[in-house]
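Encoded as structure tokens, the structure appears first; notes follow it.
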Amino acid sequence: MKQHEQVLFKNRSPGETAFLETYRKSGGYQGLEKALTKMSPEQVREEVKKSGLRGRGGAGFATGMKWSFFPADKPGEKYLVCNGDEMEPGTYKDREILMADPHQLVEGMIISAYALQIPVGVIFIRYAYEQCSRNLERAIAEAMEAGLLGKNILKSDFSFELHLHRSAGRYICGEETALLNSLEGVRANPRSKPPFPAQKGIFGKPTNVNNVETFANVQHIIAHGSAWFKNLAFTESGSGTKLYCLSGHLERPECFELPIGISLGAVIEEYGGGVWRGRRFKAALPGGASTPYLTAEHLGVGLDFDPIEKAGSRLGTGAVTVFDETTCMVAATLNLNRFFARESCGWCTPCRDGLPFINWLLEKIENGQGEMGDIDMLREQIRNINGRTFCALAMGAMGPMQSLVDLFEEEIIDHIKKRCCPLKT
Ligand SMILES: Cc1cc2nc3c(=O)[nH]c(=O)nc-3n(C[C@H](O)[C@H](O)[C@H](O)COP(=O)(O)O)c2cc1C
Ligand code: SF4
């Protein structure tokens, strides 16, 4: 297993969490000091833009670009929100950061708040992440005590307060506008956009939302520079490292920090230890449960935003789930769709009614009662959902679904012709 430069996992050690002393010894809070003493907020924003950092929460939006829409120079009530809801099946990278080295998020948020001139921040964390919450509470208290957080940080004229908010525990709470509603104490339905959170977020005030891994990268960019960050990637289009969290039919389903752009095949073979039990590879979700499947012909594809999109999928959260040759892709996709149907907030009809209808169709096919017309019906449902919903939950659900009918149509036909699941016989 080749070792690559560890940035976010530099202090990761089995069963241990790095708190302030360890974090500072490893260079922690040097980025903050540099930002506050040597850089203007605009220079920090510019450095992040030059670094090419793209959001690690799923959509891959360029962070510098997102920040450029924020009214940083406008005084008044503004909020910085960290999205740590992390409820997409297969995704557990933010948890790994918070278990190993929680000060990275705290420092990343303070620097981001300085860049955007925001006085108040909130970390919205998944309800089930109890130990991560405790780690963050301690990290926030340590940073306050050391004068790194709160009033006049490091004796500068910049002040920032940071709060922790535990999510009520639904997948939809991770959608950024549903998250804002949840923080306001109302039902977590997504809001229609525009207006975007940068203009009208919590309590109607400008709000910037980023993912845990996105924020955690910020102080490294400021401490070491945007050119260093870009060079960490394998691909020309990429920058930085990525936490790839592996799951499914692998010998070693763990989370690894690797250069952006490393190939899917290398991640599976070298780091995941290969497909388990000596079986053959059938498919993988490269970026979480809401991304289209890739197959054996894609093993050479670099796990970076642009190359994956060219191959027909998305980098998403970088959660790689592998399926071996014995997997029934109809059953696997049904399992995913059941999750999305259950987590629908019910606000729009194509999602609320379409996802359960797709469950019914796939159950029928899986149980040997499918008809040839069901495949067209499935395609029609996908068309009816894509682009017609308030948020991306339903469209995300259509990622694996579309690739099921495109890449595994023969397997669906086999179910229908044999009147059973061929992989169960
Ligand atoms: C249903 C749904 C769930 C989501 N869950 C999360 C999540 O748990 N964490 C996250 O960072 N982004 C999640 N997102 C994406 C956010 O809406 C948003 O794009 C992201 O937090 C922005 O951060 P980034 O630019 O740093 O990636 C979700 C989106 C959808 C549609
Ligand atoms: S797509 Fe689904 S989860 Fe999103 S707003 Fe519509 S009903 Fe709610």
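In each ligand, atom 1 is the first atom listed, and ligand 1 is the first ligand listed.
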Any salt bridge linking [X] with [Y]? Criterion: basic side-chain nitrogen under 4.0 Å from a carboxylate oxygen.
X	Y	result
Asp376	Arg383	no
Arg12	Glu96	yes
Asp406	Arg379	yes
Lys93	Glu213	yes

Answer yes if the ring centres of [X] and [Y] are under 6.0 angstrom apart, and no otherwise.
X	Y	answer
Phe234	His4	yes
Tyr29	Tyr23	yes
Phe256	Tyr271	yes

Which residue holds the protein heavy atom closest to [atom], what is that atom called, and what is the gap in Å?
atom	answer
atom 22 (C) of ligand 1	Lys66 NZ, 3.4 Å
atom 29 (C) of ligand 1	Glu175 CA, 3.8 Å
atom 7 (C) of ligand 1	Asn83 OD1, 3.5 Å
atom 8 (O) of ligand 1	Glu86 N, 2.8 Å
atom 16 (C) of ligand 1	Gly174 O, 3.6 Å

From CA spacing to verdict: side chain to side chain contact (heavy atoms under 4.5 Å, CB included), Ser237, Asp304: CA-CA 8 Å; Ser237 58; Asp304 179 12; 2.7 Å; yes
Phe357: partners by ring-ring contact (aromatic ring centres under 6.0 Å, His included), with sequence neighbours left out: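 With sequence neighbours excluded, Phe357 shows a ring-ring contact (aromatic ring centres under 6.0 Å, His included) to Trp360, given in chain and number order.
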Worked verdict on Ile123 versus His163 for side chain to side chain contact (heavy atoms under 4.5 Å, CB included): CA-CA 6 Å; Ile123 302 170; His163 303 271; over 6 Å; no
Element-labelled atoms of ligand 1 that are located less than 4.0 Å from some non-hydrogen atom of Glu176: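 Checking each atom against Glu176, I get 16 (C), 17 (O), 18 (C).
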Numbered atoms of ligand 1 (with element) below 4.0 Å of Thr214, judged on heavy atoms: 24 (P), 26 (O)
Geometric N/O contact Gly57 with ligand 1, under 3.5 angstrom: yes
Geometric N/O contact Asp94 with ligand 1, under 3.5 angstrom: no
Pairwise distance OG1(Thr333) to CG(Asn359) - rounded to 0.5 angstrom: 11.0 Å
Within-2.8 Å protein N/O/S contacts of atom 4 (Fe) of ligand 2: Cys391 SG
Close-contact set for ligand 2 against Gly346 heavy atoms, below 4.0 Å: 7 (S), 8 (Fe)
